[in-house]
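Note that the structure is predicted; figures quoted are calculated from it, not measured. When a residue number appears, it is its place in the shown sequence, counting from 1.
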Amino acid sequence: MDDEEFIREKDIPMTKEEIRAISLYKLELNKNDIVVDVGCGTGAMSVDIAKRVKKVYAIDVNKKAIELTKKNIEKFNIKNCEVIHGNAKEILKNLNFNKAFIGGTKNIEEILKILVQNDTKIIVTNTIILENTLKILSFLENFYDCSAVLVNISYSKKITPGHMFLCRNPITIIKAKK
């Protein structure tokens with residue numbers, strides 16, 4: 001789905017379409033999966049995941065993000081996504097799921113510990129901060145087979161003499177699989 005299809009707000013992050021495509025592939029989704037989306041932001045990943053699985057839990061601590069996710073869930077007529085406002089480390093303990101996507105969280109180590117204790121089969125995280133990439137890999141390698149890919153996306157832009165590419169922030173996509 002194109003980024004432009006989603007309802008957006010300036011200060012709420014969204015996983016861009018090319019990054020969503022790679023992240024969705026890394027999650028190895030199937031129709032029986034129950035997936036948790038930690039740090040759902042606009043809900044773009046939740047919407048894309050919901051089209052492929054049994055159930056999605058979209059979690060965010062930011063109330064504006066929750067409202068925006070609800071708008072996008074409604075816009076795309078998604079019926080199998082439960083949007084939950086609050087702290088993921090508390091919420092995750094009360095949910096049943098087999099896969100997890102982490103788009104953003106301030107409590108990454110605590111979230112990862114809960115996911116490991118839950119025996120989550122596949123965890124995919126997107127990071128822009130190098131230190132978080134290292135934290136995630138260092139922790140998850142103790143429990144999972146891990147891989148990481150650094151994705152650099154550039155878009156063409158027409159300028160007077162021709163075209164140029166403008167790059168977005170590079171994103172590291174980490175996959176941890178049992």
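- Placement of Ile22 and Ile136 in two distinct hydrophobic clusters is found when ILVMFWY residues are connected by side-chain heavy-atom separations under 4.5 Å, directly or transitively.
- Under a 4.0 Å N-O distance rule, the pair Glu5/Lys75 does not qualify as a salt bridge.
- Within the structure, the salt bridge (charged side-chain N to carboxylate O under 4.0 Å, His left out) test picks out the following pairs touching residues 124-140 (sequence neighbours left out): Glu109-Lys135.
- Remark: Lys51 NZ to Phe76 CZ distance equals 6.5 Å, nearest 0.5 Å.
- In the hydrophobic clustering of this structure, Ile102 does not group with Val61; members are Ile, Leu, Val, Met, Phe, Trp, Tyr whose side-chain heavy atoms approach within less than 4.5 Å, directly or through other members.
- With values rounded to the nearest 0.5 angstrom, Lys64 atom NZ is found 5.5 Å from Glu9 atom CD.
- Between Ile123 and Tyr144, the shortest heavy-atom contact is CD1-OH, 3.6 Å.
- Between Phe139 and Val116, some side-chain heavy-atom pair lies under the 4.5 Å cut-off.
- Of the inter-residue distances, the one linking Leu29 atom CG with Lys54 atom NZ reads 14.5 Å to the nearest 0.5 angstrom.
- Grouping the Ile, Leu, Val, Met, Phe, Trp and Tyr side chains by contacts below 4.5 angstrom, directly or via other members, places Leu24 apart from Phe6.
- The minimum heavy-atom distance linking Asn126 with Ile19 is given by the pair ND2-CG2, 3.3 Å.
- Note on Leu137: it clusters hydrophobically with Leu140, by side-chain heavy-atom contacts below 4.5 Å among ILVMFWY residues.
- Here the closest non-hydrogen pair linking Asn96 and Tyr57 is O-CE1, 3.6 Å.
- Heavy-atom contacts from other residues, nucleotides or ligands closer than 6.0 Å to NZ of Lys113 number 12 or fewer.
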Give every donor-acceptor pair under 3.5 Å between a side-chain atom in residues 36-50 and any protein atom, sequence neighbours left out.
| unit_1 | atom_1 | unit_2 | atom_2 | d |
| --- | --- | --- | --- | --- |
| Asp37 | OD2 | Ser46 | N | 3.3 |
| Asp37 | OD2 | Ser46 | OG | 2.6 |
| Thr42 | OG1 | Ala44 | N | 3.3 |
| Asp48 | OD2 | Arg20 | NE | 2.9 |

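- Every residue was checked against the side-chain hydrogen bond (donor to acceptor under 3.5 Å, both in side chains) condition with Thr15, not counting sequence neighbours, and none meets it.
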>> Thr69 vs Asp60, test: side chain to side chain donor-acceptor pair (under 3.5 Å). Steps then yes/no.
In response: CA-CA 9 Å; Thr69 295; Asp60 208 299; over 6 Å; no
Just list the side-chain donor-acceptor pairs under 3.5 Å for residues 153-174, sequence neighbours left out, or say none.
| unit_1 | atom_1 | unit_2 | atom_2 | d |
| --- | --- | --- | --- | --- |
| Tyr155 | OH | Glu18 | OE1 | 2.4 |
| Tyr155 | OH | Glu18 | OE2 | 3.0 |

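- Ile78 and Leu27 are members of different hydrophobic clusters when ILVMFWY side chains are connected at heavy-atom separations under 4.5 Å.
- Rounding to the nearest 0.5 angstrom, the gap separating the CG atom in Asn62 from the NE2 atom in His85 is 7.0 Å.
- Applying the salt bridge (charged side-chain N to carboxylate O under 4.0 Å, His left out) test to residues at least two apart or on different chains, the pairs with a partner in residues 94-107 are Asp33-Lys99.
- Cluster partners of Leu68, by chain and number: Ile7, Ile12. The rule joins Ile, Leu, Val, Met, Phe, Trp and Tyr whenever side-chain heavy atoms lie under 4.5 Å apart.
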